[in-house]
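Step one of this worksheet: look at the structure below.
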2 protein chains.
Amino acid sequence: MPNMYCEREKEHLQSVQRAKEGVLSHTDVQKMCKIFQVLADSTRMKIVLALMKGEMCVYHLAEVCDATVSGVSHQLRILRDNGIVRTRRFGKNVEYSIADDHVREMVDLAVTHLSCVGATL
Amino acid sequence: MPNMYCEREKEHLQSVQRAKEGVLSHTDVQKMCKIFQVLADSTRMKIVLALMKGEMCVYHLAEVCDATVSGVSHQLRILRDNGIVRTRRFGKNVEYSIADDHVREMVDLAVTHLSCVGATL
DNA sequence: TGAACATTTGAACAACTATTCAAATATTCA
DNA sequence: TGAATATTTGAATAGTTGTTCAAATGTTCA
């Protein structure tokens, strides 16, 4: 059902064709979204920002993020399940750290974006 | 209420201090999250991926994204309100395009991330 | 102006998600 | 082993959000 009335049909068809050629499968798109979804919560973002400064246990993360230990633990599981953070037992504590450098880059880009357009948003 | 029993208290305190020094305000963190939130939906991601190939109207976007025109329009409003896409009237049509290069970079990074670790997630 | 096309909007519903509290599981050490 | 510390888990709830359908708004052109 092509839109026969769209005035820019010809110009669009090129874009449409390129878009359809390079199109990712629906599941691939969902996997991409997952990365953003995981970073789309402020508690999780605070956790990631904190861990970018160094390894920490749940208790200290809760302190930095101004959240409950339980809440932080729940969010850490999501970060862990999605390969964003890594865990390491050290005695009674569990040490959390950033697992993936792409995440650092994305967060840094978001900070840049914020300082560029943040004032106007 | 410092955790007096955490065995790595001293090491953590450095991380905690750095984290607290560079800490963003809660509203700034929320603004950062907003960017990720906007890209965290598969319909919106498909729209952005399509527009990265060229300008298009709502109808063609709906075709490429395999969604309804109304649904795409709703999501375009969110992208527009968050400075991700730009609009331009052209006769009866409204042409949408990517407004912000940071978004391109972030999406590209996510694609890279997907091809690196996507298989294992 | 009115008919046809193109896009947006609003309301309603269903699905998802973050948070909280209480309870369970690990780990260490006396 | 049992007490103390540290973290995780499950269930419940409240808030958010994407989709759908119908109706409204814009735009062009005869």
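A, B, ... follow the sequence lines: proteins, then strands. Residue 1 opens every chain. Atoms considered below: every heavy atom in the structure, side chains included; atoms not considered: hydrogens, waters and symmetry mates.
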Answer yes or no: does a side-chain N or O of [X] lie under 4.0 Å from OP1 or OP2 of [N]?
X	N	value
B/Asn93	D/dT27	no
B/Thr43	D/dT19	yes
A/Arg77	D/dT9	yes
A/Gln75	C/dT17	no
A/Gln37	C/dC16	no
B/Arg44	D/dG18	yes

Nearest-0.5 Å distance, CZ of residue B/Arg104 to CG of residue B/Leu49: 11.0 Å

Without decimals, in angstroms, what is the distance between [X] [atom1] and [N] [atom2]?
X	N	atom1	atom2	answer
B/Arg88	C/dT7	CZ	C1'	16 Å
A/Leu79	D/dT8	CG	C1'	15 Å
B/Met45	D/dT17	CE	P	17 Å
A/Asp66	C/dT19	CG	P	12 Å
A/Lys92	D/dA3	NZ	P	15 Å
B/Phe36	C/dA18	CZ	P	15 Å
A/His60	D/dT5	NE2	P	15 Å
B/Gln30	D/dT16	CD	C1'	13 Å

Check: C/dC21 base within 3.5 Å donor-acceptor of A/Thr68 side chain: no

Donor-acceptor pair (no angle test) under 3.5 Å: A/Ser70 side chain, D/dT9 base: yes

Comparing A/Arg89 and A/His74 on DNA chain C - which has the more 5′ nearest nucleotide: A/His74

Closest-nucleotide 5' rank along DNA chain C - winner of B/Glu95 and A/Asp41: B/Glu95

Under-4.0 Å salt bridge between A/Glu63 and B/Lys20: yes

Side-chain ion pair, B/Asp81 and B/Arg77, N-O less than 4.0 Å: yes

Plane angle bin for A/His60 and B/His12 - parallel if under 30°, tilted between 30 and 60°, otherwise perpendicular: perpendicular

Heavy-atom side-chain contact between A/Arg88 and A/Tyr96 under 4.5 Å: no

Close side-chain approach of B/Arg44 to B/Ile84, heavy-atom, < 4.5 Å: no

Could you tell me whether [X] contacts a base, only the sugar-phosphate backbone, or nothing, with contacts defined as non-hydrogen atoms closer than 4.0 Å?
X	result
A/Leu61	nothing
A/Gly91	sugar-phosphate
A/Tyr96	sugar-phosphate

A/Ser73 side-chain proximity, nearest of C/dT9, C/dT7, D/dT7: D/dT7

